[in-house]
Participant: 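The structure under discussion is supplied below as structure tokens; questions concerning it will follow.
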Amino acid sequence: MNMKDDKKTMDDTSAITIRDMLRIGTWNLNIETGIYTLDRVTCEVLGIPYDTVVKRGGNSPYSKSDTTAYLIEDGIKKLLKTGKPFDQELEFKTPEGAVIWLHVIATRKLENRKCTAIAGIVQDITQSKQTQEIFSRHNQLLKFAEHKAKLGHWNWDASSDTLICSENMTYIVGVPTDAPVPLSVLIDKVHPEDREFVRKQIAHNIKTKHYHSFTHRMVMPDGRIRIIQVSGDAILDDEGNLTNILGISQDVTSYKTIEAELTKKNELLIFAEQKALLGHWELNTITNEVFWSANLYYLFKQEENIKLEFNTYFECVHPEDQAEVKDHFALAIEQKYFDKIIHRILLKDGTLKWIRLLGDVEVDEKGNTVKLAGTCQDITEQQLQEIKFKGLVDSAPSATIIVGNESIIQMVNKQGESLLGYSSEELVGKSIETLIPSRFDEIRATHREKFLTNMEVTIVDLGEDFYLKHKSGKEIPVEITLGPLQTDEGLIISMSVRDLTSAKIAEGKILKAKEDLEILTEELTAQNHQLADFTQITSHNLRAPVSNLNSLVEIYKMMGSEEERNDLFKKFETVISHLSLTLNTLIEALSAKSHNSLERSVLSFSNKLSKTKEIFSTEIERTKAVIKSDFSAVDSIRYNKIYMESIFQNLIGNALKYKSPERVPEIEITSKLENGKIVLSFKDNGLGIDLEKHGHKIFGLNKVFHNHPEAKGIGLFMTKTQIEAMGGKITVTSKVNEGSTFNVYFI
């Protein structure tokens, strides 16, 4: 071998070594046989044996997918047809399943202008591809992070005074991406009032070769004003000259807005604390470090620059309250709950104050208390007023209980302690329900609602005797007066309690004497009552037909024709007939053998209504009254005839008498059964009655509720007396200017 051959061998060896390092292999495709010839490097790259036979068109086991095989075959076809070299990056899969990327290049070989073979090279670019993908992902993450953080990066070149900006800078400041932008263009986008400031900052940074961050406003293309924070780093060459500045611009508008709002809220908090004589604090139970808000320094008259610890506060606590305060904090740490505490502080200048501490407890993941935090308020003025108020309450001659929100007892005076057997400490903080027997719960609910709706000094009247429970369990008869008082902390109610024990004993003696007297006079009273009853029935029940006769007489005088007078005489006859019948019935009733057993007979509601309408015919015709009835449920009853007629006449007569001048009278009489008992209802649309004002006296004797010339106040009294004499009852519901409904309950 000569030197020329040696040099060629060395060159070949060197080329192979370089190809091995770059993982570049060669291959040939015989067009006639369709067989690929692969060199050693290509086989190594593909991970197949060196002598593997690969045939064109086959689905090679090392292809990543059918797509890879298709691209290779399609490229070869185009190469054979057009002569255009094949050059692609393709994915392959080794027999072990590893995915690799290859750069495949091919060109054709011609013999006598005919392609006999295709020669190509293969390079393993897997690592390069992976690096490229990693770089692409990182670049995407950077873009995403910049977008989310509303920032972009830029590079200022000192020699050209231009900037190259990242993609997100376009969104932030509205400049082109990946193209040099003169610094002056960027400054033109700065808010006019901030431009001079920005120029000075840039000049200072260039002069000092050190970048100092700053913030300025920028006007966006849509006219919005954004706040931009600029920071960067100066790049110097070996000689110390400034060559570049790498920087970041961030839209901090939202942060600055929040910062301004927080600053404003903090100022309001400080103002509120000053006005409320309030401050907030924190205590780190591990390090014993303490934080106070500014107003706490003022309340405790301390210098703001002193080092705080728990003893700073504890030394100000009044000596008589120190044990209580120390135990309170220890209990809060142990139980992980900070309850309210009120105590005194004694400052160095002798000032005595009352303060109220409210707090919360913070624990770590192991459940250990690590921090206490809360508020401290100067309540000296309130406490002095409370002491004065308690002194006044204690001086009251009767037992007094002060009740606050949610019916919680806040104070009990000495007389209250004596009456109820409890000490003040035993009752304060407890519900007033502790002292009230549960049987009053339902009836008290209505009274409580009424009191809260119309708050004024009120004597509790539940319609029955009221009692409070003594500590021993016995019940004490009492009279309670409620007095509402609105305070800054809400509504408080003063309960003045009067012990009625002595009064009840005296009342019992009087009642016993009264009962003895009633027994002696029972028969006489019954006789007088019956006599008065019949007397009033006579005077009242005769008034309606007599009044009707008087009306007919007046009408008779005004009539001009004899025919009209004849028609009127028929009405005279009807009214006179009913008047005679009533007189005869009354006479028969007065002659009854026993006043204690009123005579009953079967009566028809329909018949009684018809007779009553005849009696009031003139008034019905004059007022055009509409009277409806429905006795389908029940139409007959065994009852006293006179009393039944009195019920119909009184209730229908009142409905006509007290009609509304604004509408035609409508009267509806119906019957029904409730729990096997008959109920008769009389409903009208008249003037109505103010039951809140007159409800307690509506059935009283000689009680009238309207300025009506014929109002005597006897009818409802008589009706109620008669119904109760027969064992029944009567009720009324009414609304002013809407009408009334009377319900008669029979037995």
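Residue numbers count from 1 along this sequence.
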Participant: Can you find a pair of side-chain heavy atoms, one from Q377 and one from I355, that are under 4.5 Å apart?
Facilitator: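 No, side chains not in contact.
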Participant: So, do Y313 and F310 have ring centers that fall under 6.0 Å from each other?
Facilitator: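 Yes, the ring of Y313 comes within the 6.0 Å limit of the ring of F310, centre to centre.
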Participant: If you define the side chain from C-beta out and look only at heavy atoms, does anything of V290 sit under 4.5 Å from E282?
Facilitator: no
Participant: Are the side chain of S494 and the backbone N or O of G483 linked by a donor-acceptor pair below 3.5 Å?
Facilitator: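 Flag not set: sc S494 to bb G483 has no pair under 3.5 Å.
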Participant: Between N295 (side chain only) and G279 (backbone N and O only), is there a donor and an acceptor less than 3.5 Å apart?
Facilitator: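 No: the side chain of N295 does not pair with the backbone of G279.
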Participant: Any sub-3.5 Å donor-acceptor pair from N284's side-chain atoms to N288's backbone N or O?
Facilitator: no
Participant: Can you find a heavy atom in the side chain of K150 that is under 4.5 Å from one in the side chain of R226?
Facilitator: yes
Participant: Rounded to the nearest 0.5 Å, what's the gap from CG on D251 to CD1 on I227? Could you check?
Facilitator: 8.5 Å
Participant: Which pair of non-hydrogen atoms, one from G404 and one from Q410, has the smallest distance, and what is that distance?
Facilitator: CA-NE2, 3.5 Å
Participant: If we count only N and O atoms by modelled type, under 3.5 Å, do the side chains of T351 and D349 hold a donor and an acceptor together?
Facilitator: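 Note: T351 and D349 side chains meet the donor-acceptor criterion.
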Participant: Ignoring hydrogens and geometry beyond distance, is a side-chain donor-acceptor pair present between D499 and T501 at under 3.5 Å?
Facilitator: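 Yes, side-chain donor-acceptor contact under 3.5 Å.
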Participant: Apply side chain to side chain donor-acceptor pair (under 3.5 Å) to the pair S496 and S398, showing each step before the final yes or no.
Facilitator: CA-CA 7 Å; S496 179; S398 59; 3.1 Å; yes
Participant: Calculate, to the nearest 0.5 Å, the distance between atoms CE and NE2 belonging to M218 and H191 respectively.
Facilitator: 11.5 Å
Participant: Are I402 and I409 packed together at the side-chain level, in the sense that at least one heavy-atom pair is separated by less than 4.5 angstrom?
Facilitator: no
Participant: Please find the pair of heavy atoms, one from I245 and one from A234, that lie closest to each other, and give the distance.
Facilitator: CG1-CA, 4.3 Å
Participant: Show the numbers, then the answer: is there a side-chain contact (heavy atoms from CB on, under 4.5 Å) between L419 and I476?
Facilitator: CA-CA 9 Å; L419 174 64; I476 306 169; 4.1 Å; yes
Participant: For the residue pair G240 and K209, what are the closest heavy atoms and their distance?
Facilitator: O-NZ, 2.8 Å
Participant: Is L468 close to L420 at the side-chain level, that is, under 4.5 Å between some pair of heavy atoms?
Facilitator: yes
Participant: Check the pair V219, K189 against side-chain contact (heavy atoms from CB on, under 4.5 Å), reporting the backbone distance first and the verdict last.
Facilitator: CA-CA 6 Å; V219 181; K189 296 179 178 294; over 6 Å; no
Participant: Let's go through T312 and W292 carefully: what are the C-alpha distance in whole Å and the side-chain angles of both, what is the deciding distance for side-chain contact (heavy atoms from CB on, under 4.5 Å) to 0.1 Å, and is it a yes or a no?
Facilitator: CA-CA 11 Å; T312 309; W292 280 2; 4.1 Å; yes
Participant: I would like to know whether T375 and W281 meet side chain to side chain donor-acceptor pair (under 3.5 Å); could you show each step before the answer?
Facilitator: CA-CA 6 Å; T375 61; W281 55 270; 5.7 Å; no
Participant: W156 pairs by side-chain contact (heavy atoms from CB on, under 4.5 Å) with which of N205, V181, L242, I202?
Facilitator: L242
Participant: I need the single residue from K469, H470, K474 that forms a side chain to side chain donor-acceptor pair (under 3.5 Å) with S472. Which is it?
Facilitator: H470
Participant: With E315, which residues qualify under side chain to side chain contact (heavy atoms under 4.5 Å, CB included), at least two apart?
Facilitator: N311
Participant: Can you list the steps and then say if R439 with E475 is a salt bridge (Lys or Arg N to Asp or Glu O under 4.0 Å)?
Facilitator: CA-CA 12 Å; R439 66 178 180 277; E475 295 187 357; 2.7 Å; yes
Participant: Which atom pair, heavy atoms only, marks the closest approach of T400 to N413?
Facilitator: N-OD1, 2.9 Å
Participant: Tell me whether T243 contacts the main-chain N or O of I235 through its side chain, where contact means a donor paired with an acceptor under 3.5 Å.
Facilitator: yes
Participant: Any side-chain heavy atom of P477 sitting closer than 4.5 Å to one from D465?
Facilitator: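 The answer is no; the side chains never approach within 4.5 Å.
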Participant: Donor-acceptor check, side chain of T434 to backbone of I432, threshold 3.5 angstrom: yes or no?
Facilitator: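 Not a single qualifying donor-acceptor pair exists.
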Participant: Crowded around E464 CD? As in, over 12 foreign heavy atoms under 6.0 Å?
Facilitator: yes
Participant: Are there more than 12 heavy atoms of other residues, nucleotides or ligands under 6.0 Å from atom CD of E433?
Facilitator: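 More than 12 within 6.0 Å, yes.
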Participant: Taking the six-membered ring for Trp and the single ring otherwise, decide whether the centroids of H204 and H212 are under 6.0 Å apart.
Facilitator: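 They qualify: ring centres under 6.0 Å apart.
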Participant: So, the side chain of N155 versus the backbone of I164: is there a donor-acceptor pair under 3.5 Å, distance only?
Facilitator: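 Not confirmed, N155 side chain does not pair with I164 backbone.
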Participant: Side-chain contact test, heavy atoms from C-beta onward, threshold under 4.5 Å: evaluate it for I401 versus L435 and give yes or no.
Facilitator: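 Contact flag for I401/L435 side chains = yes.
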Participant: Hey, what do you get for SG (C316) to CZ (F300), rounding to the nearest 0.5 Å?
Facilitator: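 If we round to the nearest 0.5 Å, C316:SG and F300:CZ are 6.0 Å apart.
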Participant: Taking the side chain as everything from C-beta on, heavy atoms only, tell me whether I248 gets closer than 4.5 Å to V230.
Facilitator: no
Participant: Assess the residue pair H280 and F291 against the criterion (side-chain contact (heavy atoms from CB on, under 4.5 Å)); give the C-alpha distance rounded to whole Å, side-chain angles, the decisive distance to 0.1 Å, and a yes or no.
Facilitator: CA-CA 8 Å; H280 59 278; F291 164 80; 3.8 Å; yes
Participant: Look up atom CD1 in I443 and atom CZ in F466, then write down how far apart they are to the nearest 0.5 Å.
Facilitator: 10.0 Å
Participant: Other residues, nucleotides and ligands only: do more than 12 of their heavy atoms fall within 6.0 Å of NZ on K735?
Facilitator: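 At most 12 heavy atoms, drawn from other residues, nucleotides or ligands, come within 6.0 Å of this atom.
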Participant: How long is the straight-line distance from CG of N368 back to OG1 of T285, given to the nearest 0.5 Å?
Facilitator: 8.5 Å
Participant: Keeping the roles fixed (side chain from K336, backbone from T369), state whether a donor-acceptor pair exists under 3.5 Å.
Facilitator: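 Judged by distance alone, no pair lies under 3.5 Å.
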Participant: Can any side-chain N or O of T208 pair as donor or acceptor with the backbone N or O of H210 at less than 3.5 Å?
Facilitator: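 Yes.
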Participant: Should E324 and R344 count as an ion pair when the cut-off is N to O under 4.0 Å?
Facilitator: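 No salt bridge links E324 with R344.
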Participant: Give a yes-or-no answer on whether the side chains of S423 and E426 include a donor-acceptor pair shorter than 3.5 Å.
Facilitator: yes
Participant: Please report the closest heavy-atom contact between Y467 and P437, naming both atoms and the distance.
Facilitator: O-CD, 3.3 Å
Participant: Give, for atom CG of L347 and atom CD of Q302, the distance between the pair rounded to the nearest 0.5 Å.
Facilitator: 8.0 Å
Participant: Quick check against the 3.5 Å criterion: does T380 have a side-chain atom that pairs as donor or acceptor with the backbone of K353?
Facilitator: no
Participant: Should the ring pair F214 and F197 be called parallel, tilted or perpendicular, given that the plane angle runs from 0 to 90° and is split at 30 and 60?
Facilitator: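 Geometry flag for F197 against F214: perpendicular rings.
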Participant: Ignoring hydrogens, what is the shortest heavy-atom contact between W354 and I342? Give both atom names and the distance.
Facilitator: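 Shortest heavy-atom contact: CE3-CG2, 3.8 Å.
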Participant: Verify whether the ring centers belonging to F329 and F314 lie closer than 6.0 Å.
Facilitator: no
Participant: Do any N or O atoms from the side chain of T453 and from the backbone of E449 form a donor-acceptor pair under 3.5 angstrom?
Facilitator: yes
Participant: Taking atom types as modelled, is there a side-chain donor on S431 or S407 under 3.5 Å from an acceptor on the other?
Facilitator: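 No, no side-chain donor-acceptor pair sits under 3.5 Å.
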